[in-house]
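Scroll down for the structure; my scribbles are underneath it.
Residue numbers run from 1 in the order of the sequence given.
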Amino acid sequence: MSGLPLVVVTGAGSGIGAAVARRFSAAGHPLLLIGRRKAALEALDLPQSICAALDVGDAIAAQDAVRLAEQRYGAVDCLVNSAGVMRLADAAGQDAAEFAEMLNTNVVGSVNLIQCVLPGMLRQRRGTVFNVSSIAGRQAFPMHAGYCASKFAVHGYTAALGLDMAAHNIRVSTVSPGVVETPLLHSTTSAPARAMFEQWLGTLDSLLAPEDVAGIIAFAYQLPQNVCMREIFVTSTSQGS
């Protein structure tokens, strides 16, 4: 067993989640990697890692994966909720199933994993939870109504959870990146929404890399347990809004 504690990363198959997984693995942490595609998780080829292909909206599957990882590596000390779906669309025509999928993945999925790891954190009176949200959880954007709704919910839940957990020495943080070079936009099915977003991207001189966000999360985690960065708001220098 590693001398360092277990870290759980959702959305670990690509983007920010994959970058976080590589960063914590390089530091020597054992990992539970969660994503929908097992091949993508296994392609990371990280030592001391368990790859669990599941939908974070499935609370039972999530619980089983966390239980297995804790049996092998001990209690979870850090959870990075990075799984997310972005289905941009005009609010008047947003498909109800797409709206529900965003809520189920971005909000319910995050809560599911938190409820899986909190019992162990409460017993050991320490732990850190990072919920990866978005600047769309702080301000509205065109054709983002459903996505903003899910990310505003993540912000509210995370802030309130932090108040509940403070007395138990458990840190809770919202990570709010601007535009990051990830496959997230590929989940948008609305052609007008994709065109609008891609046109806006063309006005930016630079974007955040997943590794930029992963580095910030790793920095916040390595701070003393009595220091909590409750919200991390980061964009590329060229992104003005």
Side-chain angles (χ1 to χ4, degrees), residues 10-19 34-37 39-40 53-59 61-62 80-114 130-161 174-210 213 231-236 238-241:
T10 74
S14 64
I16 294 172
I34 295 176
R36 297 192 183 208
R37 297 172 294 119
L54 59 90
D55 182 338
V56 291
D58 185 339
V80 183
N81 268 322
S82 183
V85 177
M86 183 172 73
R87 306 285 196 191
L88 304 184
D90 188 297
Q94 178 95 63
D95 182 78
E98 287 192 350
F99 188 93
E101 182 188 15
M102 285 189 287
L103 292 178
N104 193 53
T105 300
N106 301 351
V107 186
V108 176
S110 295
V111 175
N112 283 344
L113 266 297
I114 288 167
F130 293 101
N131 284 335
V132 178
S133 183
S134 166
I135 61 169
R138 293 170 51 108
Q139 65 187 89
F141 294 90
M143 295 192 179
H144 280 62
Y147 185 67
C148 282
S150 71
K151 291 303 187 178
F152 268 73
V154 170
H155 270 69
Y157 177 83
T158 308
L161 177 67
T174 310
V175 183
S176 305
V179 183
V180 184
E181 286 191 276
T182 74
L184 191 63
L185 180 61
H186 298 167
S187 63
T188 290
T189 60
S190 165
R194 284 178 65 99
M196 176 275 300
F197 197 81
E198 289 170 349
Q199 182 179 21
W200 178 59
L201 288 181
T203 68
L204 302 178
D205 291 333
S206 63
L207 304 179
L208 290 172
V213 182
E231 181 170 3
I232 301 169
F233 182 52
V234 56
T235 70
S236 68
S238 70
Q239 184 176 345
S241 63

What's the shortest heavy-atom distance between [X] and [Y], and which atoms?
X: F99; Y: A149; answer: CZ-CB, 4.1 Å
X: G17; Y: S82; answer: N-OG, 3.3 Å
X: V85; Y: M102; answer: O-CG, 3.6 Å
X: S176; Y: H155; answer: OG-NE2, 3.0 Å
X: A153; Y: V107; answer: CB-CG2, 3.8 Å
X: A140; Y: C148; answer: CA-SG, 3.9 Å

### Query
Does N131 have any side-chain hydrogen bond (donor to acceptor under 3.5 Å, both in side chains) partners at least two apart in sequence or in another chain, and if so, which?
N81, T158
### Task
Tell me, please, which residues at least two apart from Q94 pass side-chain hydrogen bond (donor to acceptor under 3.5 Å, both in side chains).
E98
#### Entry: Residues R138 and T174: side-chain donor-acceptor under 3.5 angstrom
no
### Side chains of S238 and S206, donor plus acceptor under 3.5 Å
yes
Do [X] and [Y] have side chains that approach each other closer than 4.5 Å (heavy atoms only, starting at C-beta)?
X: L54; Y: R36; answer: no
X: T235; Y: V179; answer: no
X: P177; Y: I16; answer: yes
X: L113; Y: V56; answer: yes

### Task
Given side-chain contact (heavy atoms from CB on, under 4.5 Å), test V80 with T10 step by step and report yes or no.
CA-CA 6 Å; V80 183; T10 74; over 6 Å; no
### Task
Look at the rings of Y147 and H144 and say which category their plane angle falls in: under 30° parallel, 30 to 60° tilted, over 60° perpendicular.
perpendicular
### Query
Going through the checks in order, is the side-chain contact (heavy atoms from CB on, under 4.5 Å) test met by R87 and S190?
CA-CA 8 Å; R87 306 285 196 191; S190 165; over 6 Å; no
### Query
Is it true that a side-chain atom of T188 and a backbone atom of L88 form a donor plus acceptor pair closer than 3.5 Å?
yes
Roughly how far, to the nearest 0.5 Å, is the [atom2] atom of [Y] from the [atom1] atom of [X]?
X: L161; Y: S110; atom1: CG; atom2: OG; value: 11.0 Å
X: N104; Y: S150; atom1: CG; atom2: OG; value: 11.0 Å
X: Y157; Y: S133; atom1: OH; atom2: OG; value: 14.0 Å

### Message
Does anything in residues 144-155 form a salt bridge (Lys or Arg N to Asp or Glu O under 4.0 Å)? List the pairs, not counting sequence neighbours.
### Response
none
